[in-house]
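Hydrogens, waters and symmetry mates play no part in the numbers below; they use all other heavy atoms, side chains included. Since this is a predicted model, take the numbers as computed values, not measurements.
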Amino acid sequence: MSIATDQPMATTMANTSAPVPNSIPPNHTLYVNNLNAKIKKQQLRKSLYNLFVSYGRIHAVVAMKGVKMRGQAFIVFDDIQNATSALRSLQSLMFYGKPMRLSYAKRDSDAIRNSKEQIAEKTAALAAMSQPEPKPRKEKPRIPPPPSQPPPDRTVHEQHIAMMNSEEVNRAANAVAMAEAELQELPLRDRTRRIQSIIAAQTTMIGTAVPMMTEVQSNSTLFVTNLPPETTKDALEMLFRQFSGYLDVRLVPGREGIAFIDFDNDAGAASARDALNGFKISATNAISIVHFFLSIAYPMNTLESQNNRQSEELAAKVSRLKHIAFDIENETKEHNRFLENMRFDMSTARSFLGGSTRHLSNVMSSGRGDRRAMCYIAGAIILAFLFLYYVVSSFRTK
DNA sequence: AGCACA
């Protein structure tokens, strides 16, 4: 399938370990040159971000259009180690048709300089205030050692909990939280990749799984395809109204063969889907029903992980998360298959969203002020829109 | 090739 993205084809990885002779010491910021100067600044920044962010949190991507600065960019990492691993793995990567050249920046980026200053100020202030100087610890071990008097038989759970409360896990959880915000802005397909790389990165970073909770948000609208052209709204109504929470059938004016079925709850939609997917609505047509799912992963509150039972579930949660990531991918592919055969335009996308937006206005006007529900619905609408827009634009630019 | 950020 041909998908248009703003991502350049990342073809040959000519990386290996051939570090360019490099006199510049490691830096938070990578200097990139030999970039394709034809790419527009915004897109370039976005693509660079998407490429480099797998190696760690990125503070900024700077690219400039001027004669002197074209073809170059700066990637500001929060962490030097991450900058280093990006430098090593992406060196000479074909990017928009040209092998990019990476080195450390000669000077610190302003943002880094500032935060270094702030840290220096704080430690100076601390030193001035406190008379017993804090012992300068050297090189913190990956997993904090047990307290000086290790209780003879710490249970596995207790060790686990101690680790969960470690600074490293907190940082990892933080990284995941940042990533979550970023995920919201990515099309579904890219979210899968990001979720996987976040898990991988955090897992290697702390040597164990980050405690994550996942929330699968289903959607109370079903997408039905392969309907015979003469299908009427009444016929579909007959079929679907037996399921609890049924609200409405929406045919798409000007488009044969598809329909949207709204429910007032996810579970009703799911049970209708399970019952009717593949249903032979006529001698020749077995209908196919797609239920769009959205999922969000977020770090578990590390305080909550003090609870033993929850800490037992961590591993299971993470593996479930991985499965969900794969599921999203599969579903996305499946959707694309459906949609590739159709002229799926914006009015169709809007029609799909019609139900959701109505739910939103219902919630808003009900005056119950359920913030949480509103956020979810609004978020789901945005994600759904992004996904649909992505699908639509992939036809446009074919 | 070219090292900036307001």
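Bracketed by its first and final contacts, the part of DNA chain B lying under 4.0 Å from non-hydrogen atoms of chain A reaches from B:dG2 to B:dC5 in 5' to 3' order.
A search for side chain to side chain donor-acceptor pair (under 3.5 Å) contacts involving A:Asn34 returns A:Lys98, not counting sequence neighbours.
Looking at heavy-atom distances under 4.0 Å, A:Asp108 makes contact with a base.
With hydrogens and angles left out, the side-chain atoms of A:Asn226 and A:Ser288 include no donor and acceptor closer than 3.5 Å.
Without hydrogens or angle criteria, A:Asp248 side chain to A:Asp262 main chain gives no donor-acceptor distance under 3.5 Å.
For the pair A:Phe95/A:Val32, no side-chain contact is recorded, criterion being any heavy-atom separation below 4.5 Å from C-beta on.
The aromatic rings of A:Phe52 and A:Phe77 lie perpendicular to each other, with more than 60° between the two planes, well past the 30° mark.
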